[in-house]
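Worksheet for the structure shown next.
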Protein chains: 2
Amino acid sequence: MKKILNAPEAYTDDMLKGIYGAHADQVKCTGDDLRCYCRAQKTDRKVAIITGGGTGHLPLFLGYVGDGLLDGCAVGSVFQSPSSEQIYKVSREVEAGAGILYLYGNYTGDIMNFDMAAEMCEMDDIETRSIVGADDVNSSADQERRRGVAGIFFMYKCAGAKAAEMGTLDEVLEAAQKAKDNTRTVGFALTPCIIPEVGHSNFTLGENEMAMGMGIHGEPGIWNGPVKTADELAKESLDTLLADMPVAEGEEICVLINGLGATSIEELYILSGSVRSCLDEKKIKVYRTFVGEYATSMEMAGASVSICKVDEEMKKWIDRPVKTPFYVQA
Amino acid sequence: MKKILNAPEAYTDDMLKGIYGAHADQVKCTGDDLRCYCRAQKTDRKVAIITGGGTGHLPLFLGYVGDGLLDGCAVGSVFQSPSSEQIYKVSREVEAGAGILYLYGNYTGDIMNFDMAAEMCEMDDIETRSIVGADDVNSSADQERRRGVAGIFFMYKCAGAKAAEMGTLDEVLEAAQKAKDNTRTVGFALTPCIIPEVGHSNFTLGENEMAMGMGIHGEPGIWNGPVKTADELAKESLDTLLADMPVAEGEEICVLINGLGATSIEELYILSGSVRSCLDEKKIKVYRTFVGEYATSMEMAGASVSICKVDEEMKKWIDRPVKTPFYVQA
């Protein structure tokens, strides 16, 4: 394992100390728990949006806490859920009188702990709603069972915009739901990654082998096989995405080409070009393309392709300027 | 070699097609040469700033072309200089009546071709000035012979701001020079990277071996040895930086923690925290910290630490909002 760190067991907390040290003007922790990550400023009467999940996916999850996006994040250890207590503490800190939306990925441990935190909030008369990202098409035929991956970005963006416009809790939930309904993702890995405290990867991929549909924690995909070309990967990804969520000629989408960690930005743009060619052929109009690292698996090589079907309302939400230490849109 | 691409020989052009496709509102190429990369908008009477260099370092170099930063970039093949003809074509396209600053890295091929382009511009009565980034302390004891690496970001930022404020050509050059004089970088690699058309790395690093001072094209560093901890790397880097450019107690610096490509954002923040602790001990005040990928070597693992000593004028330049497809500051 080659990583820049001090001790594997200090990975998450050392990372958090680094983040708070670098961005004290924008974020802070609640009390003395580093894992309770909050926006430094609070907007009175705004619906608070809270996310959470394991470490190892930066900028997901905490990187989206900031102006125009999220208000807090409960941070778990690498690939582990945060505790319900931590989610509750973040909730108490960022709640601003208009209720809380819990918006996170569809993973069992997270659901259990967010639900428990919601009950704790209820006892304090703080209203909550919950919605999970579940955009990873290849993870299950059943939409309810799909894992949440990079496509949650569009949910953050739409819900964050609606909350910044001082929408009600139900309106913010609706915005997140609308983004969820219109977003799908396909991802593939070229190499595994290593959990620092484990010290070796949980699986291997051969010299020229890749895994289509692999999850961001290394969950098995739908096939392993020789590495395909960017054009082939774009075509296969889009075929899967569009079979699951048809987009008619002339309809508009946003595209998100996400790097899983070790894949170079150059390759992401090669893939982006291939995806664009396929979409042009199908006469599907691209409103906006995002390319970069939005949801990673530490040093895993690979990428994901997300599409989000947009109407005028969603375009406005997606274009709204936001600013976090990790993500700025002007 | 595991990369997402179509054909190794199409790497640079496929990447460029992807970039133009995704960001047609912000950038364009001149004529039909993809390698002549220009800002889509032109500001009359503004000094034009042009950079250039080989592919494989995104967001360096072309990623800094955009509002408030650079106006054009001549793009070479992977780790190769662009031609003087391409630099000249970019120059003709972006020149806006106030002259051109060539601002690029201190590499022999680039210098030769930029100098040749400057002569071609001179024949057209277009005034040019040139300055090279040469911030990599470990690459030579002689400042004039040092390679340019991630610290060029501060030169772009200061010169870009001065140009956006409609400074004269000499004032923009001075701003770049001021940033150069106050910036130093130390970098280290944990793994090599592979040039697509070569197909294998030009050197190897052992299971637990790293290279201190390695260049962004894999130029040999000052020592190879076992991977050190984040705290040790921070201390050694700062000792080297501060020995070369002393910073007194109470003086202010900006810090740039740059990932070389495959290193996770988590690790960069662990390193950032270690650097911050060292600086706090030395009572050196940090004005602003930048963490992320600013100058990469494709899928090389590793990082660099840059410091830039700042006064009030430079802080204003560095804080000035900018917007490119790759880098936004609001």
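Just so it is clear, the model here is predicted, and its values are computed rather than measured.
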* Under the side-chain contact (heavy atoms from CB on, under 4.5 Å) test, which residues partner A:Asn6, sequence neighbours left out? -> A:Asp14, B:Thr229, B:Ala230, B:Asp231, B:Ile270, B:Ser274
* Which residues in residues 189-203 of chain B have a heavy atom less than 4.5 Å from any heavy atom of chain A? -> B:Leu190, B:Thr191
* **Distance-minimising heavy-atom pair for A:Glu209 and B:Lys2** => O-NZ, 2.8 Å
* chain B interface, residue from A:Gln329, A:Arg288, A:Glu207 that has the most non-hydrogen pairs under 4.5 Å -> A:Glu207
* With B:Ser264, which residues qualify under side-chain contact (heavy atoms from CB on, under 4.5 Å), at least two apart? -> A:Tyr11, A:Met298, B:Glu266, B:Glu267
* Asked: Would the number of heavy atoms belonging to other residues, nucleotides or ligands and lying under 6.0 Å from NZ of A:Lys315 be above 12?
  -> yes
* To do: Heavy atoms only, distances under 4.5 angstrom: which of A:Thr296, A:Val255, A:Thr289 has the most pairs with chain B? Name it, please.
  => A:Thr289
* Structure fact -> Turns out that what part of A:Leu233 lies under 4.5 Å from chain B's heavy atoms comes down to side chain
* Examine whether an atom of A:Ala301 lies under 4.5 Å from a heavy atom of chain B, and if so say whether it belongs to the side chain, the backbone or both; otherwise answer neither. => neither
* **Leading residue by heavy atom contact count with chain B [cutoff under 4.5 Å; candidates A:Val328, A:Asp280, A:Leu271]** => A:Val328
* Once you round to the nearest 0.5 Å, how far does OH of B:Tyr269 lie from OG1 of A:Thr55? -> 13.5 Å
* **Heavy-atom proximity to chain B below 4.5 Å, by part of A:Pro321** => neither
* **Best-contacting candidate, B:Phe290, B:Phe188, B:Phe326, against chain A by heavy atom pairs under 4.5 angstrom** => B:Phe326
* To do: Could you tell me which portion of B:Ile257 (side chain, backbone, both or neither) has an atom closer than 4.5 angstrom to a non-hydrogen atom of chain A?
  => neither
* To do: Tell me, for A:Lys3 versus chain B, whether the close heavy atoms (under 4.5 Å) come from the side chain, the backbone, both or neither.
  => both
* Among the listed options B:Asn208, B:Ile265, B:Thr263, the residue most often paired with chain A at heavy-atom distances under 4.5 Å -> B:Ile265
* Using a cut-off of under 4.5 Å on heavy-atom pairs, state which of A:Gly56, A:Gly261, A:Pro59 scores highest against chain B. => A:Gly56
* Within 6.0 Å of NZ in A:Lys228, more than 12 heavy atoms from elsewhere -> yes
* Asked: Where do B:Ile4 and A:Gly302 come nearest, in terms of heavy atoms and distance?
  -> CD1-C, 4.4 Å
* Structure fact -> Checking heavy-atom separations under 4.5 Å from chain B, one finds in residues 15-25 of chain A A:Met15, A:Gly18, A:Ile19, A:Gly21, A:Ala22, A:His23
* Check each atom of A:Leu205 against the heavy atoms of chain B and say whether the ones under 4.5 Å are side chain, backbone, both or neither. => both
